[in-house]
2 protein chains.
Amino acid sequence: MDLRDGGTDIPEANLSLAERLFLTLRGEIVEGRIPAGSKVSEPELARRFNASRGSLREALMRLESLGLLERRVNVGARVVELSERGLLELYDVREALEGMACRLAALERTEEDLVALRQMLSRHEQQEELQAGRAYFQPEGDFDFHFRIVQASGNDLLIDTLCNRLYYRVRMYRYQLGMASPRAKRAFREHSHIIEAIEAGDGKLAEILMRRHIRASRHNIEKKLR
Amino acid sequence: MDLRDGGTDIPEANLSLAERLFLTLRGEIVEGRIPAGSKVSEPELARRFNASRGSLREALMRLESLGLLERRVNVGARVVELSERGLLELYDVREALEGMACRLAALERTEEDLVALRQMLSRHEQQEELQAGRAYFQPEGDFDFHFRIVQASGNDLLIDTLCNRLYYRVRMYRYQLGMASPRAKRAFREHSHIIEAIEAGDGKLAEILMRRHIRASRHNIEKKLR
DNA sequence: CACCTTTAAATTGTCGACAATCTTGAGGTC
DNA sequence: GACCTCAAGATTGTCGACAATTTAAAGGTG
C-alpha cells in the first residue's frame with residue numbers, strides 16, 4: 001500500500017501524508033489488525049507505506065495523544081494494552097461526560113437536532129424489529145445514538161473529548177473484546193426515554209437516564225467478565 | 001536560550017529535546033508570554049531555541065493535542081483563542097469529571113490520600129488566616145485541592161484527562177483573565193465539606209458537593225463577566 | 001478606486017542521513 | 001548454572017535540505 005498519492009480508498013486526499021497515515025493506522029489499531037500490546041516499529045511501517053520516518057513519527061504522535069499508543073523515549077511505541085480495569089475506567093468517564101452532554105443537549109438542542117434524533121430512533125426501531133432477537137443493531141446504532149447526543153450538547157470541548165478522543169478507545173474495546181451486548185431491546189427502550197427527556201427540555205432527567213443507561217451497560221459487562 | 005544541552009532551569013535533563021521544548025513552550029503559552037491567538041512560526045522558534053524544525057514540530061504537535069494550539073495544514077499553528085464561551089465550556093466539563101473523580105475518591109481513597117488531604121486543608125487554613133481578607137491562597141491552593149482529589153480517584157483515564165489535558169487550559173484562563181476569585185473564605189469551607197464526605201466514604205454526597213462547588217465558581221465568573 | 005492576475009518571498013510538508021541510545025547475544029567469570 | 005561485561009546490530013532522536021503550498025505585494029484592467 002502506498003499512501004503518498006492518495007491512491008487508497010479510506011482516507012480522502014488533500015490531507016497531509018502524515019494525517020492519512022494517522023487515519024489508516026488508527027483504523028488498524030481499533031480493529032485489532034495491529035494487535036493490542038504489540039510493539040510498533042517506525043522503520044517497518046515507513047517501508048510498508050513508502051513514507052519517510054518523519055511523516056510516520058508524526059502519525060504515531062497523534063496516535064499517542066489519542067491514547068491508542070504509548071511511547072517511551074529512546075525505546076519506541078507500543079499499542080496500548082486492553083484490560084478489564086481500563087474498560088471499566090472508560091465507563092466511569094463516559095458516565096460523567098455523556099451524562100453532562102445529555103443534560104446540555106436537553107437545554108441547548110436545536111429543532112434540527114430533535115428531527116435527527118427522532119429519525120434515528122425510528123430507523124433503529126425498524127432495524128430491531130427486522131432482526132428480532134439477534135440484537136446486532138448495536139455496533140453502529142448504539143454508536144449513532146451516543147454520538148448524536150454529544151453533538152447536540154453544543155459544548156465543543158465536550159464534543160472533542162468524547163468524539164475525538166474517548167470513542168476510539170471505546171470502539172477498540174468493542175471490536176476486540178466483541179461487546180455485542182444482548183441488551184438490544186432494553187437498550188432501545190432506554191434510548192427512547194432519554195430522547196423523550198431531551199425533547200421535553202428536562203436536563204436533570206436526561207442526565208439521570210443517560211448515566212443509568214451507561215451504568216447498566218457497565219454492570220452487564222462486569223457480569224460477563226466473571 | 002539554548003535547550004539542547006539541558007542547560008536551562010525548568011525542564012530537567014534526560015528528556016528528549018522535543019519534550020523540553022514542549023514543556024518550555026507550554027509554560028510560555030499558559031502564562032501568556034506567547035499571546036493567545038497569535039501565530040506560531042516554526043522557523044522563528046527553531047532559531048530562538050537553536051533547535052531543528054523537526055524537534056520543534058514535535059513539540060508543537062504535543063501542544064496541539066493538549067488543546068493549547070490549533071494547527072491547519074499548510075498554514076501553520078496559532079495559540080488557541082480565549083473566549084468567555086470556552087471558559088464556561090471548561091467549567092461544565094470540569095463539573096462532570098471532577099464530580100465523578102470526587103465520587104470515586106470517596107470510595108477508593110487510601111489512608112495516605114486522607115492524610116495528605118487533611119494536611120493540605122490545615123495548611124490552607126493557616127495560610128488563609130494569615131492573609132485575612134486578601135484571599136490569595138487560590139492560585140496554588142485551589143489547584144492543590146482539585147489536583148489531589150483527582151489523584152485519589154484511582155481512575156487513570158480520569159486523572160490523565162483532567163491533570164494532563166484540561167488543567168493547562170484552566171491555568172491559561174487563570175493567568176490571562178486573572179481569576180483570583182474573592183470566594184476564598186467560602187471556597188475553603190466548601191473544600192472542607194468535600195473532604196469530610198470523602199473521609200466518610202459517601203460517594204454520592206461528595207459528588208454533589210464538588211459539582212455544586214464548581215458550579216458556584218462558574219456562576220461567580222459569569223457575574224463578573226457582565 | 002476596487003478587483004483580479006501574477007510573481008516573489010516565506011512557510012509548511014517531506015525526505016534521507018548521521019549521531020545517540022537501547023537491545024541482543026556471545027563470551028567470560030564466579 | 002547464574003550473573004556480569006561487552007561488543008554488534010537495530011532503533012530512536014536530531015538535523016539540514018529540497019519540494020509543495022500559501023501568503024504578500026506588485027502590477028494591470030475594468
Side-chain angles (χ1 to χ4, degrees), chain A residues 1-8 10-26 29 34-35 37-65 68-80, chain B residues 1-8 10-26 29 34-35 37-65 68-80:
Chain A
M1 173 156 34
D2 190 339
L3 294 184
R4 278 183 308 182
D5 53 353
T8 47
I10 308 127
E12 300 127 61
N14 107 331
L15 297 173
S16 79
L17 170 58
E19 195 142 354
R20 290 199 300 270
L21 288 168
F22 163 68
L23 294 173
T24 302
L25 289 173
R26 186 179 68 185
I29 290 175
I34 300 178
S38 66
K39 181 156 179 10
V40 172
S41 157
E42 292 180 9
E44 180 191 329
L45 285 181
R47 277 196 304 276
R48 181 175 153 208
F49 292 111
N50 271 89
S52 77
R53 260 185 62 225
S55 301
L56 207 105
R57 273 169 74 83
E58 184 168 335
L60 293 188
M61 289 192 346
R62 298 199 193 190
L63 291 168
E64 181 188 19
S65 82
L68 260 39
L69 239 55
E70 288 172 349
R71 287 184 30 168
R72 281 186 355 201
V73 181
N74 282 320
V75 172
R78 306 189 78 85
V79 178
V80 73
Chain B
M1 174 155 36
D2 189 337
L3 294 184
R4 278 184 306 183
D5 54 353
T8 47
I10 308 126
E12 299 127 61
N14 107 330
L15 297 174
S16 78
L17 169 59
E19 195 141 355
R20 289 199 301 269
L21 288 168
F22 163 69
L23 293 173
T24 303
L25 288 173
R26 187 178 68 186
I29 291 175
I34 300 178
S38 67
K39 180 154 179 16
V40 171
S41 157
E42 292 180 7
E44 180 192 329
L45 286 180
R47 277 196 304 276
R48 181 176 154 210
F49 293 111
N50 269 88
S52 76
R53 260 185 60 225
S55 301
L56 207 107
R57 275 169 72 82
E58 184 168 334
L60 294 189
M61 290 193 343
R62 298 199 194 191
L63 291 169
E64 181 188 19
S65 81
L68 260 39
L69 239 55
E70 287 172 350
R71 287 184 26 165
R72 280 185 358 198
V73 181
N74 282 321
V75 172
R78 306 189 77 84
V79 178
V80 74

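What you are looking at is a predicted structure, and each value in this text was computed from that prediction instead of being measured. Throughout, a chain's letter reflects where its sequence line sits, starting with A, and its residues are numbered from 1.
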A.B. asks: To the nearest angstrom, how far is B:L56 atom CG from D:dG16 atom P?
C.D. replies: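 Checked: the CG to P distance equals 13 Å.
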
A.B. asks: Check every strand shown and say whether A:G54 touches a base, only sugar-phosphate, or nothing at a heavy-atom separation below 4.0 Å.
C.D. replies: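 Answer is nothing: A:G54 stays at 4.0 Å or more from every strand.
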
A.B. asks: Could you check how far CD of B:E42 sits from P of D:dT21, rounded to whole Å?
C.D. replies: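 Rounding to the nearest Å, CD of B:E42 and P of D:dT21 are 17 Å apart.
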
A.B. asks: Could you state the NZ-P distance from A:K39 to C:dT23, rounded to the nearest angstrom?
C.D. replies: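 After rounding, the gap between these two atoms is 9 Å.
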
A.B. asks: Mind calculating the distance between CG (B:L15) and C1' (C:dT21) to the nearest angstrom?
C.D. replies: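 Value for this atom pair: 15 Å.
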
A.B. asks: When the axes are fitted on five pairs at both termini, how much does the helix from C:dC1-D:dG30 to C:dC30-D:dG1 curve, in 10° steps?
C.D. replies: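 Overall, the helix from C:dC1-D:dG30 to C:dC30-D:dG1 bends by 20° from one end axis to the other.
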
A.B. asks: Please state how far atom CG in B:N50 lies from atom P in D:dG16, giving the value in whole angstrom units.
C.D. replies: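 So the two atoms are 9 Å apart, to the nearest Å.
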
A.B. asks: Whole angstrom is fine here: how far is it from CG in B:L45 over to P in C:dT12?
C.D. replies: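 Checked: the CG to P distance equals 10 Å.
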
A.B. asks: Show your reasoning for whether side chain to side chain contact (heavy atoms under 4.5 Å, CB included) applies to B:L69 and B:V79.
C.D. replies: CA-CA 5 Å; B:L69 239 55; B:V79 178; 4.1 Å; yes

A.B. asks: Checking contacts here: which listed nucleotide (D:dT23, C:dT11, D:dC15) is nearest the side-chain heavy atoms of B:P43?
C.D. replies: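 Of D:dT23, C:dT11, D:dC15, C:dT11 is nearest to the side chain of B:P43.
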
A.B. asks: Which of the following nucleotides, C:dT14, D:dT11, D:dG16, is nearest to the side chain of B:S52?
C.D. replies: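 Per side-chain heavy atoms of B:S52, the pick is D:dG16.
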
A.B. asks: Do side-chain atoms of A:R20 reach the backbone of A:L15 as a donor and acceptor pair under 3.5 angstrom?
C.D. replies: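 Answer holds: yes.
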
A.B. asks: Give the nucleotide from the list C:dG13, D:dC15, C:dC22 with an atom nearest to the side chain of B:R57.
C.D. replies: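 Comparing C:dG13, D:dC15, C:dC22 against the side chain of B:R57, the answer is C:dG13.
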
A.B. asks: If each of B:E58 and B:R53 is mapped to the nucleotide of DNA chain D with the nearest heavy atom, which maps nearer the 5' terminus, i.e. the 5' end?
C.D. replies: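 On the 5' side of the pair lies B:E58.
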
A.B. asks: Pair A:E19, A:R62 - check salt bridge (charged side-chain N to carboxylate O under 4.0 Å, His left out), show working.
C.D. replies: CA-CA 9 Å; A:E19 195 142 354; A:R62 298 199 193 190; 3.4 Å; yes

A.B. asks: Given D:dC15, is OP1 or OP2 found less than 4.0 Å from the side-chain N or O atoms of B:S55?
C.D. replies: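 Yes, such a contact exists.
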
A.B. asks: For the atom pair CG (B:L63) and OG (A:S65), what is the distance rounded to the nearest 0.5 Å?
C.D. replies: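 The OG atom of A:S65 is 11.5 Å from CG of B:L63, to the nearest 0.5 Å.
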
A.B. asks: Please report the distance, rounded to the nearest Å, between CE in A:M61 and C1' in D:dT12.
C.D. replies: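 Going from A:M61 (CE) to D:dT12 (C1'), I get 13 Å.
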
A.B. asks: Is there a donor-acceptor pair closer than 3.5 Å between any side-chain N or O of A:R71 and the backbone N or O of A:A77?
C.D. replies: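 Absent.
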
A.B. asks: Hey, which sits more toward the 5' end of DNA chain C by its nearest nucleotide, A:A18 or A:V73?
C.D. replies: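 The residue mapped nearer the 5' terminus is A:A18.
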
A.B. asks: Kindly point out which of D:dT14, C:dC22, D:dT21 is positioned nearest to the side chain of B:S16?
C.D. replies: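 The listed nucleotide nearest to B:S16's side chain is D:dT14.
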
A.B. asks: Which residue, B:E58, B:E42, B:E44, forms the salt bridge (charged side-chain N to carboxylate O under 4.0 Å, His left out) with B:R53?
C.D. replies: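 That would be B:E42.
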
A.B. asks: Using atom CZ of B:F49 as one end and atom P of D:dC15 as the other, report the distance to the nearest whole Å.
C.D. replies: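 Nearest whole value for this atom pair: 13 Å.
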
A.B. asks: Measuring from the side chain of A:L17 (C-beta onward, heavy atoms only), which nucleotide among D:dT23, D:dT12, C:dT14 has the closest atom?
C.D. replies: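 The answer is C:dT14, which lies nearest to the side chain.
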
A.B. asks: Step by step, would you call A:L68 with A:L25 a side chain to side chain contact (heavy atoms under 4.5 Å, CB included)?
C.D. replies: CA-CA 10 Å; A:L68 260 39; A:L25 289 173; over 6 Å; no

